[in-house]
Participant: 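One structure, pasted below without further comment.
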Amino acid sequence: MKLTQTIGFLGTGNMAEALIKGLIAAGVVDPGQIHGSDPRPERCEEMAKRYGIHATTQNADVVRHAEIVVLSVKPQILPKVLDEVSSHLKPHALVISIAAGMPIASIERRVPPGTRVVRTMPNTPALIGAGATAIAAGQHAKDEDVEATQRIFAAVGMTVVLDESQLDAVTGLSGSGPAYVFLIIEALSDAGVKMGLSRYNAQALAAQTVHGSAKLLLETGEHPGRLKDMVTSPGGTAIAGLHTLEAGGLRTTLINAVEAATNRSRELGALTEKK
């Protein structure tokens, strides 16, 4: 379904560009409905030329035109940007944040009372339309605001709607998760090279194996343990490899990594809350 509202992006970095590209490609909005800001004039010119959107160096200009405002600047400068644009927000504007770690309450304090705020946590595979985004509604957001947010982020992948209290865990899992997967792919590739494969072939095989395995799980809906058992024949190669992974603590290490990243997200959120 097409969105009728104008959308403004405060910041046109990688994630914002992924959303703009996805929204236009999916026909969710027309280029003329999109406004974006960036402090670099050359970036504004690039975005306007590449996507046909309205681009400016002035954040206030974007907010004046936008019925949906996407906060796509770095978390550390978001308070300053909100203070700059708050008075220019349209009376019934929807504000969507993709700033990691910034609590909804911190945003609501810096915008006019009653402003509808939705917080999201996307991840970098959104750059190729394969993202995973968690969505949490603020106290004034309505069901249609959540639906509009889902429509925007569905243009670059899948979405889930959660309570805000769960977003730190999402940051630790899917937000930080691509880094874990890239490390696993790199390690598998190194192993292939050690066993005599070329770097190109080892990396291609490792990446495609991860891609295919994830796709198989998503499309079949099977439990990962069952799919693992399908690969594991008695006395075979896979069970020998799995034994080594369990002995090395891979499962525990990944759980600990998600827990550490979740706790760090909470710490950063607490620091942001104090500003």
Side-chain angles (χ1 to χ4, degrees), residues 1 3 5 7-11 13-16 18-19 22-23 28 63 66-79 81-82 85-86 89 92-127 130-178 258-275:
M1 291 179 62
L3 286 174
Q5 299 99 316
I7 303 179
F9 289 84
L10 297 181
N14 288 337
M15 190 60 70
L19 286 167
L23 286 167
V28 178
V63 171
E67 294 162 297
I68 298 175
V69 176
V70 181
L71 306 175
S72 46
V73 296
K74 294 184 183 302
Q76 55 266 37
I77 67 168
L78 183 54
V81 170
L82 284 173
V85 305
S86 177
L89 281 168
H92 301 293
L94 166 62
V95 175
I96 299 173
S97 173
I98 63 173
M102 175 70 80
I104 292 172
S106 292
I107 298 171
E108 290 178 335
R109 282 202 308 269
R110 291 178 169 86
V111 294
T115 298
R116 292 132 53 215
V117 177
V118 175
R119 179 182 168 191
T120 69
M121 183 63 231
N123 64 3
T124 55
L127 297 172
T133 302
I135 297 169
Q139 60 176 324
H140 305 295
K142 303 173 183 177
D143 289 345
E144 53 263 39
D145 299 323
V146 174
E147 290 169 7
T149 305
Q150 286 183 284
R151 207 174 306 166
I152 289 170
F153 285 90
V156 293
M158 60 86 72
T159 66
V160 295
V161 178
L162 303 171
D163 292 331
E164 187 184 18
S165 61
Q166 297 176 297
L167 287 196
D168 288 317
V170 171
T171 302
L173 177 58
S174 60
S176 304
V258 172
E259 182 178 11
T262 299
N263 290 336
R264 181 56 178 161
S265 179
R266 288 174 181 151
E267 291 170 4
L268 293 173
L271 290 173
T272 305
E273 188 76 27
K274 292 177 183 178
K275 292 184 180 178

Participant: Can you see which heavy atom on M102 is nearest to which on S106, and at what distance?
Facilitator: SD-CB, 3.4 Å
Participant: On a heavy-atom basis, which atom in P75 and which in A100 lie closest, and how many Å separate them?
Facilitator: CG-O, 3.3 Å
Participant: Measure the CD1-OG1 distance between I152 and T120 for me, rounded to the nearest 0.5 Å.
Facilitator: 9.5 Å
Participant: Test side chain to side chain contact (heavy atoms under 4.5 Å, CB included) on Q150 and I135; report intermediate values, then the result.
Facilitator: CA-CA 8 Å; Q150 286 183 284; I135 297 169; 3.6 Å; yes
Participant: Just to verify, which of I96, I98, L19 counts as forming a side chain to side chain contact (heavy atoms under 4.5 Å, CB included) with S72?
Facilitator: I98
Participant: Go through the steps to decide whether V111 and L82 satisfy the test side chain to side chain contact (heavy atoms under 4.5 Å, CB included), and finish with yes or no.
Facilitator: CA-CA 7 Å; V111 294; L82 284 173; 4.1 Å; yes
Participant: What are the two closest heavy atoms between S86 and P112, and how far apart are they?
Facilitator: OG-CD, 3.3 Å
Participant: To the nearest 0.5 angstrom, please state how far the CG atom of L23 sits from the CG atom of L3.
Facilitator: 7.5 Å
Participant: Begin with the C-alpha distance, continue with both residues' side-chain angles, and end with the deciding distance and a verdict on side chain to side chain contact (heavy atoms under 4.5 Å, CB included) for E67 and L94.
Facilitator: CA-CA 6 Å; E67 294 162 297; L94 166 62; over 6 Å; no
Participant: Could you measure the distance from the OG atom of S265 to the CG atom of L173? Nearest 0.5 Å is fine.
Facilitator: 12.0 Å
Participant: Quick check against the 3.5 Å criterion: does E108 have a side-chain atom that pairs as donor or acceptor with the backbone of P103?
Facilitator: no
Participant: Grab the two heavy atoms, one from L127 and one from N14, that are nearest each other, plus how far apart they are.
Facilitator: CD2-O, 3.2 Å
Participant: What is the distance from atom CE of M121 to atom OG of S97, rounded to the nearest 0.5 Å?
Facilitator: 10.0 Å
Participant: Would you indicate whether the side-chain heavy atoms of P178 and P125 approach each other to under 4.5 Å?
Facilitator: yes
Participant: Is any side-chain heavy atom of R264 closer than 4.5 Å to one of S176?
Facilitator: no
Participant: Checking V95 against V118 for the side chain to side chain contact (heavy atoms under 4.5 Å, CB included) test, could you report, in this order, the C-alpha distance in whole Å, the side-chain angles of both residues, the deciding distance, and whether it holds?
Facilitator: CA-CA 6 Å; V95 175; V118 175; over 6 Å; no
Participant: Measuring from D168:CG to N263:CG, what's the distance to the nearest 0.5 Å?
Facilitator: 9.0 Å
Participant: Would you list the atom pairs, donor with acceptor, under 3.5 Å between side chains in residues 160-167 and any protein atom, with sequence neighbours excluded?
Facilitator:
| from | atom 1 | to | atom 2 | distance (Å) |
| --- | --- | --- | --- | --- |
| E164 | OE2 | I104 | N | 2.7 |
| E164 | OE2 | R119 | NH1 | 2.9 |
| Q166 | OE1 | D163 | N | 3.4 |

Participant: I need the minimum non-hydrogen distance between G131 and N123, along with the two atoms involved.
Facilitator: CA-OD1, 3.3 Å
Participant: Return yes if some donor-acceptor pair links the side-chain N/O of T262 with the main-chain N/O of V258 below 3.5 Å, else return no.
Facilitator: yes
Participant: Got a sec, which pairs hit salt bridge (charged side-chain N to carboxylate O under 4.0 Å, His left out) with one end in residues 138-158, sequence neighbours left out?
Facilitator: R116-D145
